[in-house]
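Down below is the structure, laid out as structure tokens.
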Amino acid sequence: MQLRYNYRAYPDAAQRRALAKAFGCARVVWNDCLRDRKEAHAAGMPYVKSAELSRLRITQAKRTEERAWLADVSAVALQQSLRDLDTAYKNFFDSLKGKRQGRKVGPPRYKSKKDTRQSIRLNTNAFSLQDNGTVYVAKVGNLKVKWSRRLPAAPTSLTVTRDSPGRYFLSFVVDTEPDILPELETETGIDLGLSAFAVLSNGRKIDSPRFLRRAEKKLRRLGRELSRKVKGSKNRDKARIKVARQHAGVANRRRDWHHKASTQIIRDNQAVFVEDLAVSGLGRTRLAKSVHDAGWSAFVGMLEYKAALHGRTFAKVDRAFPSSQVCSACGFRDGPKPLHVREWTCSGCGTVHDRDHNAARNVHFEGRRIVAAGRAETPNACGAPVRRAYVPAQRVEAGSHRKGRTPQAGTLDIKPGSTSRSAHPTVPLSPRRTPHGLRQEEQHGPQGADRGDAARRAGP
């Protein structure tokens, strides 16, 4: 599998000027090629091939007076900029055709020299690792690097980035083998929230660090200072850098905390199940600042790739699953509850539940059911993720039941680590439940039923 390793670089003044020139040349090639394709599309002409764009906008452009400065930077950076444009178009077309999962991807856009992030991408022909610890970049020189850890293998590509505060980073892509950890008997379900960042099914609570909230006072002061500076002045640029550095520090602390928490969870559990939250939707509510401060998407992404790296099982539970409405002891659905209700008593069995702990237990049960049904990626003996082949549902498994035939309810007790099929592990079925654990309308959620429950149980 491929991993990315990021390191801080410290170029001198001459190298910073060379990198700025490389950023600008790569940006010009991107914009020129994008303009040609947009004009061809507007004129009804065929899609311009990459070979033609490379010949016109790189090779021949270097010989013209307007673009002669393209020869001052490495040709590899210019070619990689064109390939990145091809990748952006491919992602856009795949999104239109439905071949790409996730959110819809828009068409490529023009780049600006005022963008806070500038970057170039290089292959092994344009960079090399030196014995003295520096990294040679073609037509830039040997860059000093702060090696926080060793690379596990020879890198296949390098991305040089300059962020908003003016820091430089070298990002290496490395092909590595999975690092399989010893198997464990423990599993966990995770309920993400705001009052507590995460609640595990075993009752453990992880407090929310709230890095942005802690830094708000200083950010407000720096923002006021920035607003007083004259636009276009050097003092305004200095004030902007101070604000950017403060935001970068908040992001760094949050990322470091996410890595430590996710690594600990993956090392302590053989299987991890988490709810698939609609973070983009929650980011448009009154809880937007707290939601973005928590960084749920980044945390879940770390859990997913670390599970694949270390041979753990990982599955996401659908966001429509009513984890806060169902009693984890008897399976009775007690209906939606306001956000301020942190504890409730089940009407079916009388069990008193902590809202978040009960939701984490339900996420655990549903995640095990998803894995047992074969609808999640699980590692095989070699540690590589395996997705089971698509099998059409049989007539007895889907649709309405025939007359005279009724669904049969029953449970199978699953021991930790087992992948046997189960309706609801270790929980007896109530008369309202089917072999899948919930009635069909409850499993998929009625019209508008509790889709915002993740926001309601997130905490005040």
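A 4.5 Å side-chain heavy-atom check between Arg162 and Ser119 finds every atom pair outside the cut-off. In this structure, Phe127 and Leu170 have side chains that are not in contact, with every pair of non-hydrogen atoms separated by 4.5 Å or more. Residues Lys337 and Ser324 fail the side-chain proximity criterion, which asks for heavy atoms closer than 4.5 Å. Lys113 places a side-chain heavy atom less than 4.5 Å from the side chain of Arg27. The side-chain heavy atoms of Leu219 and Gln246, taken from C-beta on, include a pair separated by under 4.5 Å. Proximity of Cys327 to Trp344: side-chain heavy atoms (C-beta onward) are separated by under 4.5 Å at one or more points.
Evaluation of the side chain to side chain contact (heavy atoms under 4.5 Å, CB included) rule for Arg267 yields Leu181, Thr263 as partners, not counting sequence neighbours.
Judged purely by distance below 3.5 Å, without hydrogens or angles, the side chains of Arg8 and Tyr168 never pair a donor atom with an acceptor atom. No side-chain N or O of Arg312 forms a donor-acceptor pair with one of Asn269 less than 3.5 Å apart. No hydrogens or angles considered: a donor-acceptor pair under 3.5 Å links the side chains of Lys306 and His259.
Shown are Arg245, Arg240, Arg117, Gln118; of these, the side-chain hydrogen bond (donor to acceptor under 3.5 Å, both in side chains) with Ser164 is made only by Arg240. In summary, of the residues considered (Lys205, Arg361, Arg342), a salt bridge (charged side-chain N to carboxylate O under 4.0 Å, His left out) with Asp354 occurs for Lys205 alone.
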Where do Leu143 and Val137 land on the side-chain contact (heavy atoms from CB on, under 4.5 Å) test, with the steps shown first?
CA-CA 7 Å; Leu143 298 177; Val137 177; 3.8 Å; yes

Could you give me the CA-CA distance, side-chain angles and deciding distance for Ser328 and Asn362, then say whether side-chain hydrogen bond (donor to acceptor under 3.5 Å, both in side chains) is met?
CA-CA 6 Å; Ser328 59; Asn362 286 326; 4.8 Å; no

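Ring centroid separation for the pair Phe365 and Phe273 does not come in under the 6.0 Å cut-off. In this structure, the ring of His258 has its center less than 6.0 angstrom from the ring center of Phe197.
Contact detail for Tyr5 and Pro152: the closest heavy-atom pair is OH-CG, 3.4 Å.
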